[in-house]
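Before any comments, here is the structure.
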Amino acid sequence: MSKTEVASSASGKAALGDEIVGRIDQLSAISETPAHLARIFLSPEHRTAADLILSWMREAGMTARLDAIGNVCGRYEGDRPGLPCLMLGSHYDTVRDAGKWDGPLGLITAISCVADLNRRGRRLPFAVEVVGFADEEGVRFASTLLGSRAVAGTFVESALNSRDHAGISMRDAMVTFGLDPDHIGAAARTRRELHAYVELHIEQGPVLEENNLPVGVVTAIAGATRLAAKLTGMAGHAGTVPMAFRRDALAGAAECICMVEEFCKSDAAGLVGTVGYIDAMPGATNVIPGLASFTLDIRAPSDPHRKMALADIVRRIEAIAKRRNLVLQLDVTHENRTVPCAPWLKAQVADAVAAEGFGVFELPSGAGHDGMAMIDISDVAMLFVRCRGGISHNPAEHVELADADAGARVLLRLVENFRPRETSGAGKA
Ligand code: GLV
Ligand code: MN
Ligand code: MN
């Protein structure tokens, strides 16, 4: 790959937006299918993308490596080797038929910021590390945040036995990718190695656009619970079994899905519920489905609210299964509490926003992010960048070049002005 030219702005600092948008486009071409962006954990495209990102990290003056779970990790030393780091990052996996900004914007922007420091020969009194997390979306296997959990040392080994829809285990997929599933522990970092974790990400909602602002300071990342439901009934002949005798698993799942939608709609306080995947067996026009599997994703602005709603939804699913004489298996595949952004760090993000001449605006994140795992070893903060129409998890996802540039300026300012908690007046952790 040829080195990207970076134009200088009037301030003498490089304008990073062009480089960032160019790389977003380059990365989006690495996909399972050309027409629908999909870069799924441990797939061949995922590996190709990792290699490209590693090359960008090296070009930016970092040492770069793939860690034990497939995270791409770059390190830019501080004014002496081995200092604790300010960690920046986001993820490089995508959902299916994804937009190209969700994840890569934060990762690529962080690399461009380090490249800018490097071009100017600027070393800081701490290291800067950039991590491209391998699996934030959780599309392939039931669990999510696998990359950041490995870094936080909270990766659950039993996840290695989970299988994708093609029946391939995570363990085997890791071997194919070139990783050793028996050494995931090597990806873990310790609290002592990090001053903080800061992630830039597209907002994925309409609030910044409504407020006519390019960037926003995140207050907290909303918690989420994900479940896998399996309903077992009885397969049978579509022409011969009278309606009253049927144990149709798919019809039961359909009733559950509509119930979830109605239940969440009737909640005025921001509860959201999504069934994003369903599968029916045996899957033939003239066979009554004997088995239906579906996923459930429940989020709410507060943890008690989410937990109460979830308990109610589970009771209702159980009642539907019982009335329809279906056997229900319900497993929690992912659970994350709401993660507040650290006030001392959030204040530094706000200062950087103000210093770049933008209005300081705070907003929560309804979407999940790697900070939800990183909180176990570090204080966390996030900077949101406006996206058009609030559209995300959709190929229409879009960020204006000027907003990508604004996000980069704020992040670079934050990095250059960063003061570790001990020296920021906020006291020691
Ligand atoms: C990640 O994108 C999530 O919030 O599901
Ligand atoms: Mn996403
Ligand atoms: Mn994301």
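This structure is a prediction, so every number in the text was calculated from the model and none was measured. When a ligand or atom number is given, it counts from 1 through the structure's own listing order.
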Is any N or O atom of Gly368, backbone or side chain, closer than 3.5 Å to an N or O atom of ligand 1?
yes
Should Glu32 and Arg96 be marked as a salt bridge (charged side-chain N to carboxylate O under 4.0 Å, His left out) after you check the CA-CA gap, both sets of side-chain angles, and the distance that decides it?
CA-CA 9 Å; Glu32 188 179 304; Arg96 291 199 175 277; 3.2 Å; yes
Let me know which of Met382, Met87, Glu129 forms a side chain to side chain contact (heavy atoms under 4.5 Å, CB included) with Tyr197.
Met87
Are Asp102 and His201 close enough that a side-chain donor and a side-chain acceptor fall under 3.5 Å?
yes
Suppose we only count N/O/S atoms under 2.8 Å; would Asp102 qualify as near the Mn ion (ligand 2)?
yes
Any idea how Trp101 and His398 line up, ring-wise: parallel (<30°), tilted (30 to 60°), or perpendicular (>60°)?
perpendicular
Count the heavy atoms belonging to other residues, nucleotides or ligands that lie under 6.0 Å from CE of Met281, then report whether that count exceeds 12.
no
Rounded to the nearest 10°, what angle sits at the Mn ion (ligand 2) between OE1 of Glu137 and NE2 of His393?
90°
Short list, please: which atoms of ligand 1 are under 4.0 Å from a heavy atom of Ala367?
4 (O)
Contacting atoms of ligand 1, where contact means under 4.0 angstrom from a heavy atom of Glu137
1 (C), 2 (O)
His334 and ligand 1 - part of the residue with a heavy-atom distance under 4.0 Å:
neither
Minimum distance, heavy atoms only, to atom 5 (O) of ligand 1: which one of Met372, Arg299, His201, His393 is it?
Arg299
Is the closest heavy atom of Glu136 to ligand 1 under 4.0 Å?
yes
Indicate if the distance from the Mn ion (ligand 3) to the nearest N, O or S atom of His201 falls below 2.8 Å.
yes
Assert yes or no for the condition that the ring centre distance of His369 to Phe384 is strictly below 6.0 Å.
yes
I need the atoms of ligand 1 closer than 4.0 Å to a non-hydrogen atom of Arg226, numbered in the order shown.
3 (C), 5 (O)
Tell me, yes or no, whether the heavy-atom count around Arg192 atom CZ, taken from other residues, nucleotides or ligands under 6.0 Å, exceeds 12.
no
